[in-house]
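Here is the naming used below: chain letters follow the sequence lines, and residue numbers restart at 1 for every chain.
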Protein chains: 2
Amino acid sequence: MATIRDVAREAGVSIATVSRVYNESPLVSDDTREHVRQVASRLDYIPNGAARSLITNRTHAIGVLLPDLYGEFFSEVIRGIDLAARRARFQVLVSSSHADTDTLMAAVSSMRGRIDGLIAMAPDEKTTSALRDFTRKFPVVLLNPGPVQAECATLSIANFDGAYAMVRHLQSFGHRSIAMVKGPDGNIDAQERLRGYRTALRDSGIEPEPSLEVPGDFTEASGYEGAMTLLQRQLRPTAVFAANDYMAIGLVSALRDSGLRVPDDIAVGGFDDIAISKYLSPPLTTVRVDAYTLGERAVLQILPFTRTRKPVIAHHEVVPTQLVLRRSCGSTLAMAPDSLHRQRRRPTSEVEPG
Amino acid sequence: MATIRDVAREAGVSIATVSRVYNESPLVSDDTREHVRQVASRLDYIPNGAARSLITNRTHAIGVLLPDLYGEFFSEVIRGIDLAARRARFQVLVSSSHADTDTLMAAVSSMRGRIDGLIAMAPDEKTTSALRDFTRKFPVVLLNPGPVQAECATLSIANFDGAYAMVRHLQSFGHRSIAMVKGPDGNIDAQERLRGYRTALRDSGIEPEPSLEVPGDFTEASGYEGAMTLLQRQLRPTAVFAANDYMAIGLVSALRDSGLRVPDDIAVGGFDDIAISKYLSPPLTTVRVDAYTLGERAVLQILPFTRTRKPVIAHHEVVPTQLVLRRSCGSTLAMAPDSLHRQRRRPTSEVEPG
DNA sequence: TTGTAAGCGTTATCAG
DNA sequence: CTGATAACGCTTACAA
């Protein structure tokens, strides 16, 4: 590996001049610049990032901490981060699947000194509060944070609104007994979706019923389980809202295995709008979450603070969700999008079936 | 940020001693070690990675270059990489979605000096040859590389065997007219799967027919298109093999929209075994690809070479695939796994339906 | 067992 | 415009 010294010697200039060329300094004549460039490329010289960041105290990298990398949602978030970071010429250091707070904090320390900012998904209260100290001395953007986040910069999804819109939509077809397959207990998305579900019910004069809320953990398998649990009730619900699409898929699969038709016998709604949802049979009515934008916005939020490495100014941005009408909810709207049934509730809006 | 000097001063020792403590050197008394540890943690000291790697010439990071981050396959690969890297206390620097060779090479240079090894997915010939030079001076493992790779270390998927096994399986039900929805032209996985398809046909005395091979690009939409193209033939094929599951999903969706039943009217097979395949209606017969293992193996291969930064010794590892029997192929095996129809062909094996 | 000091490859601050 | 030279925070002979 050629160093700046090699280039300087070979080009007959000082290392300072070579450095200036690579830092786009105007303090260098066009001739020298050109000459240095040629020598450098002949020697295959590339500035050493470590040395650079040692003196500038900037790494040009952002860290990304995720609870897990599993499934389409996370991969879309990373994609948004990756592309936005690249546009700003930043590198992305990822670390995922942190089982507990300890390994999470270990990951944070190992990144320290190597990054100029951190994007952390902290979907439960424990994680959020563990990261709290760090958010006070370093640029951090929290994705989908738990409730302990007043003084941090956060970016979340309109979970409540999405769930609310979904339930109201189901009700618009006359469904009165709407069940829910919940997400993991500590998970903030799951909690907010549940809250949206309950509020929608109450707003229409129905008291949420515990036996209609069955547990789940965001996996297909738990959606399948959840359906089976619900079918054991003496009175079958006429609609089920799953807290994410993966569970909705398991749910539909279980209903089919039990000889029930969706949506004729039972309507189903999901959450996330993963890519394959529209190809399911029946196509899944769901709430679209723009994970790509979530990642992209996070980068855009953090970028201005990477220079000073001062904490990101506390503020809370919400990425809207969209109700996507397809056939699993029994919606006739899926065929006639102009129907009067439409009801908007910001920031969750409805869209044509994709 | 506290530096090693702060700790040394505060603890009343030299910076060398502090350094030794952090490098697990035996040349330091237990008392001093303990004392330094305490002072360090009080000052919230964390060694600066840049300074460290400047002198040691090791970054403890590996770079990951992917063509795109889209979909379950890539996210699983990254997951495998991430976990294996963490176990070895390595960081992971990702960069994906490189439209062309130029942006790819730009990503490679921007990583130089920041990584001790590179895992690059180079699913087409252009990418593979662009990376070629680099593989001769640096530890690189190529994932699913194109044909120009004799002297590199590579890790690939048993695409050919998987496709071969799938086609032979379909034939075992008497299908004679088996169509294929292909993947992108330049993509090596797509090419190998196509080759496996054709070879299986020829091995059973059938000459592959161009009109039965329709183009696709690995997206659901192209699977849908592909089905429509095939249905325009005067003689409908009795089975279709899609080069990946996403296309198979689009395919099934199109067949259903055309009033055809799967597998009764037409059998369908996919490739990848993405998580939701078993929840489709009908559950999809496919070829399982262990993307997680692919990522994990790549890290394990490269790790021994990160110390010296010498090129990885050329060798070619193949991750096996498994035929997964479900209902979309009309397999009665899916119910009776012990049937005589089973036929094994290493390294692709069959498994019970999940 | 501990300390001293010479780098690692850059950038930044001066002088010229 | 260009060149010396002192940092940056750390590891590692070598000395003590």
Side-chain angles (χ1 to χ4, degrees), chain A residues 1-37 39-40 43-61 91 109-116 307-309, chain B residues 1-37 39-40 43-61 91 109-116 307-309:
Chain A
M1 269 297 294
T3 76
I4 199 172
R5 234 180 287 276
D6 301 327
V7 178
R9 183 171 6 87
E10 198 76 4
V13 298
S14 72
I15 59 168
T17 300
V18 179
S19 174
R20 284 190 191 101
V21 170
Y22 274 84
N23 289 286
E24 322 267 310
S25 160
L27 301 167
V28 58
S29 77
D30 289 354
D31 287 0
T32 351
R33 183 189 309 279
E34 186 52 29
H35 179 217
V36 169
R37 282 250 166 78
V39 172
L43 297 188
D44 202 16
Y45 167 70
I46 290 177
N48 180 311
R52 229 170 176 163
S53 70
L54 182 57
I55 186 105
T56 59
N57 203 27
R58 303 193 59 209
T59 61
H60 249 77
Q91 315 242 233
S109 338
S110 79
M111 280 184 171
R112 208 146 134 193
R114 291 169 169 270
I115 56 175
D116 293 333
R307 180 167 284 279
T308 61
R309 296 219 194 170
Chain B
M1 271 297 295
T3 76
I4 199 172
R5 235 180 288 276
D6 301 326
V7 179
R9 183 172 6 87
E10 197 76 5
V13 298
S14 73
I15 59 168
T17 301
V18 179
S19 173
R20 286 191 190 103
V21 170
Y22 274 84
N23 289 287
E24 322 266 313
S25 160
L27 302 167
V28 58
S29 76
D30 289 353
D31 287 1
T32 339
R33 182 189 310 278
E34 186 52 29
H35 179 216
V36 169
R37 283 251 167 78
V39 172
L43 296 187
D44 203 15
Y45 167 70
I46 289 177
N48 180 311
R52 229 171 176 163
S53 71
L54 183 56
I55 185 115
T56 58
N57 203 26
R58 304 194 56 207
T59 61
H60 249 77
Q91 315 243 233
S109 4
S110 81
M111 280 184 171
R112 205 146 138 192
R114 291 169 169 270
I115 55 175
D116 294 333
R307 180 169 285 277
T308 60
R309 296 219 193 170

Proximal nucleotide (of D:dT2, C:dT10, D:dC10) relative to the B:Y45 side chain: D:dC10

d(CZ, B:R33; P, C:dT1) in whole Å: 10 Å

Separation of atom CG in A:N57 from atom P in C:dT11, rounded to whole Å: 14 Å

Phosphate-side-chain proximity, A:Y22 and C:dG9, N/O vs OP1/OP2 below 4.0 Å: no

Approximate separation, where rounding is to 0.5 Å, of A:H35 NE2 and A:E10 CD: 8.5 Å

Whole angstrom value for the distance that separates P of D:dA13 from CG of B:L27: 11 Å

Sugar-phosphate, base or nothing in reach of B:N23, heavy atoms under 4.0 Å: sugar-phosphate

Atom pair distance, as rounded to whole Å: CZ in B:R114 and P in C:dT10: 13 Å

Out of C:dT10, D:dC10, C:dT2, whichever nucleotide has its closest atom nearest the side chain of B:S29: C:dT2

Whole-Å distance separating the NE2 atom of B:H35 from the C1' atom of C:dT2: 15 Å

A:I4 CD1 to D:dA4 C1', straight-line distance once rounded to whole Å: 14 Å

Rounded distance (nearest 0.5 Å) linking atom CZ of B:R33 with atom OH of B:Y22: 11.5 Å

Among D:dT2, C:dT10, D:dC10, the one nearest B:R5 by side-chain distance: D:dC10

Pairwise distance OG1(A:T308) to CG(A:D116) - rounded to 0.5 angstrom: 10.0 Å

Nearest-nucleotide 5' precedence on DNA chain D, B:V18 against A:V13: A:V13

Gap between atoms CZ and C1', on A:R58 and C:dT10 respectively (whole Å): 15 Å

A:N48, nearest nucleotide to its side chain (from D:dC10, D:dT11, C:dT10): C:dT10

Phosphate OP1/OP2 of D:dG3 contacted by A:T17 side-chain N/O (<4.0 Å): yes

Any B:S14 side-chain nitrogen or oxygen under 4.0 Å from OP1 or OP2 of C:dG3: yes

Pairwise 5' ranking along DNA chain C for A:R20 and B:I55, keeping only the more 5' one: B:I55

From CG (A:L54) to CZ (B:R52), nearest 0.5 Å: 13.5 Å

D:dT2 OP1/OP2 closer than 4.0 Å to side-chain N/O of A:T32: yes

Intermediate values then yes/no, side-chain contact (heavy atoms from CB on, under 4.5 Å), A:R9 and A:L43: CA-CA 11 Å; A:R9 183 171 6 87; A:L43 297 188; over 6 Å; no

Distance in Å, A:Q91 CD paired with B:Q91 CD, rounded so as to fall on 0.5 Å steps: 12.0 Å

B:S53 side-chain N/O to D:dC10 phosphate OP1/OP2 under 4.0 Å: no

Side-chain N,O (A:S19) to OP1/OP2 (C:dT11) below 4.0 Å: yes

B:I15 or A:A51, whichever maps to the more 5' nucleotide of DNA chain D: A:A51

